[in-house]
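See structure below.
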Amino acid sequence: MTTIYTIECVKCKTQFTEEETITRCLKCGQALDIIFDIETLKKNINVYNITNTPISAVKYLDFYPLKDKQNIISLDEGATPLIQSKELSKKYGIKNLYIKNEGANPTGVFKDRGSLVEISKAVELGATGIVVASTGNMAASVSAYSARAGIPCYVIVPDTTPLGKLSQSLAYGGNVIKVRGTYADCVKLSSEMAEKYGYLLAGDYAFRGEGQKSIAYEIIEQLHWNVPDVIIAPVGCGTNLYGIAKGFFEWKELGLIDRVPRIIGTQPEKADTLCSAFHAHEKEQRTIQFPSSLCGAVNIGAPLDDMKLLNIIRESNGSFEIIDDTTVLTSQKDMAMLASVFTEPSGAIPVACLEKLKEKKVISEDDVVVCIATGVGLKDSHSATILFPDFPAVENSIDDIADFLDSGILELKSDKNNSEILFSTKPSVQSIKEVAETLFGFNAEKNKQFFKELCDEVFVFFERRTEMKKGEFQAILEEVIANTKDETNSILKIIDVVGTHYLNKKAQATVTIDFKGKEITANATGTGSVDAAISAIENALSQQTEYKINLDDFEVNVQNGGLDASVRVKITFSDANKNRVTVTGVSPDLVVASLMAYTKGFIRLYKKQ
Ligand SMILES: *Cc1c(COP(=O)(O)O)cnc(C)c1O
Ligand SMILES: [Zn+2]
């Protein structure tokens with residue numbers, strides 16, 4: 001078969017054969033591009049077929065750099081929905097706003113379109129193994145396609161990667177290798193491994209990008225052969241958006257469409273490798289050593305396709321924008337609530353940028369705008385809960401459900417990750433009330449008991465600290481709402497705790513409690529401070545009651561980082577009757593937070609006997 005494409009370095013323009021390399025330029029290390037001979041392509045394609053058959057990624061095989069169509073590895077990717085929601089359009093002030101829901105692909109992410117081409121190419125080249133560096137979505141997609149091709153797949157990840165993120169890849173049979181190093185180290189190692197063992201190196205390389213073109217083709221068809229005015233996508237390495245843009249340009253060259261949309265790249269502020277470079281008229285990225293956005297899929301410091309993407313965006317008369325993580329989470333919520341598209345944070349970046357793009361007159365309300373929701377929300381279920389309070393469990397009774405609904409906790413606003421300073425001195429009752437009402441939607445008038453408890457806890461907090469962050473206030477507010485009911489007429493109070501700990505000896509604690517109006521003091525030692533303090537309470541209680549609770553599970557979360565951060569302790573207790581309860585305590589001090597939780601757990605279980 002005649003070759004209808006060549007492989008060329010985007011920078012030094014050296015050409016290579018695919019037997020030589022399909023990843024990076026062997027001379028200068030820059031990205032490679034696939035250049036089609038448009039005249040030959042024009043003769044090969046079946047326009048009737050293109051315009052008259054339903055969309056799917058495999059429909060566009062003629063546009064991919066594959067020589068042999070006997071080896072296609074497909075999971076029926078593509079044909080993802082293009083969704084329009086009146087409510088979302090109205091909220092963001094764009095009359096014709098569309099969401100291309102790429103989460104509907106087989107592994108939940110657009111990368112499956114690229115894997116179709118990349119792994120089919122691997123079969124064509126006779127690969128005996130496939131190696132990929134990744135921390136999540138890429139690994140899952142490449143593992144799934146490798147499994148289908150029957151080729152072993154090796155996934156190289158930093159050892160800090162949580163297992164949860166790798167579960168999908170493991171399920172598809174990916175061989176996960178954890179490396180003591182950073183993501184950049186893994187990229188380097190994967191390429192060394194490919195060379196040493198003769199494996200195919202998968203990742204953000206030119207053949208994968210070709211597979212992403214089908215997003216453009218499908219959008220054109222879904223809009224009944226009208227080209228949208230604007231395409232907006234999140235950018236990590238730039239491979240996906242470059243591929244989409246290339247799809248539009250090639251179809252224009254082929255005469256299938258008469259213009260291309262303006263291509264807009266978007267990134268989180270904390271991983272802005274390309275936006276500022278774009279606006280400074282630079283050709284290459286501004287590398288970031290430690291990007292820190294919570295949008296994991298685009299939290300990338302050194303994008304591989306920087307030159308390709310910056311170039312094609314300029315050619316399309318497009319632009320670049322950045323946005324903060326909190327706005328992204330808000331848009332993620334809007335997309336789910338108003339359009340029923342549940343996307344991971346990265347997939348919400350385009351919608352989060354709409355306001356800014358309108359303000360800067362980069363887009364207008366009359367433009368036909370397509371935002372790419374790149375991956376499904378289930379990929380990162382933790383992030384999706386940041387803007388929601390932690391809901392407490394209610395007792396097994398309809399009265400408790402009624403109390404729960406009345407408490408207003410379902411309407412509470414949340415921003416757990418927010419480390420903005422809320423109070424820089426001890427606040428007054430009035431200012432606590434204002435903050436609780438305006439920022440968190442808490443009704444102080446309706447919930448007088450909760451509010452009193454909230455003020456008390458805030459004041460106790462300021463005994464120890466001189467300022468309070470937004471996330472800390474929220475943790476206290478939630479904890480109060482979850483637990484206050486138990487504290488009314490409480491049978492157990494902690495009056496004081498004094499403790500000592502040592503480097504090489506057991507910790508000691510002395511605790512004074514009030515149990516049913518009686519004051520008792522007791523001591524204990526323990527492996528650490530928390531253990532000693534809890535054992536001391538248990539010793540004190542055992543002087544008054546036979547009733548005992550056991551600690552089943554103990555989880556500590558640090559609020560908003562830093563050495564002086566407050567901690568939120570979550571403990572599950574049970575008793576001999578198999579009653580169980582999970583409670584929380586929040587304090588800048590780990591021992592105090594644990595004792596608060598213990599008290600609540602004890603009171604609640606004691607009442608159940
Ligand atoms: C990989 C990925 C991106 C970034 O795409 P690039 O091709 O690296 O620019 C965005 N969102 C999701 C969900 C991804 O998995
Ligand atoms: Zn080169």
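Whatever order the structure lists ligands and atoms in, that order sets their numbers, starting from 1.
Counting heavy atoms closer than 4.0 Å to ligand 1, residue V298 contributes side-chain atoms (C-beta onward) but none from N, CA, C or O. Under 4.0 angstrom from ligand 1, the non-hydrogen atoms of C237 come from both its backbone and its side chain. Contact annotation for E344 and ligand 1: only side-chain heavy atoms (C-beta onward) come within less than 4.0 Å of the ligand.
Not a single heavy atom of G347 lies less than 4.0 angstrom from ligand 1. Using a 4.0 Å heavy-atom cutoff, Y242 is absent from the residues neighbouring ligand 1.
Atoms SG of C28 and SG of C9, as seen from the Zn ion (ligand 2), are separated by an angle of 100°, to the nearest 10°. Around the Zn ion (ligand 2), the two atoms SG of C12 and SG of C25 are separated by an angle of 110°, to 10 degrees.
Side-chain N or O atoms of E77 include one that pairs as donor or acceptor with a backbone N or O of L75 at under 3.5 Å. Using a distance-only test at 3.5 Å, with no hydrogens or angles considered, no donor-acceptor pair links the side chain of N105 to the main chain of D112.
Shown in contact with G236 at under 4.0 Å from a heavy atom are these atoms of ligand 1, numbered in order with element: 4 (C), 6 (P), 8 (O), 9 (O). For ligand 1 and V235, the ligand atoms under 4.0 Å from any heavy atom of the residue are 9 (O). For ligand 1 and V109, the ligand atoms under 4.0 Å from any heavy atom of the residue are 13 (C), 15 (O). Of all atoms in ligand 1, numbered sequentially from 1 with element shown, those under 4.0 Å from a heavy atom of N137 are 13 (C), 14 (C), 15 (O).
For atom 1 (C) of ligand 1, the nearest non-hydrogen atom of the protein is K111 NZ, 1.4 Å.
At least one cation-pi condition fails for K283 and F278: the charged atom is not both under 6.0 angstrom from the six-membered ring centre and inside a 45 degree cone around its axis.
Aromatic ring pairs are classed by plane angle as parallel below 30°, tilted from 30° to 60° and perpendicular above 60°; the pair Y199 and Y154 is parallel. Between F207 and Y5, the ring planes are perpendicular. Angles over 60° get that label, and only those under 30° would be called parallel.
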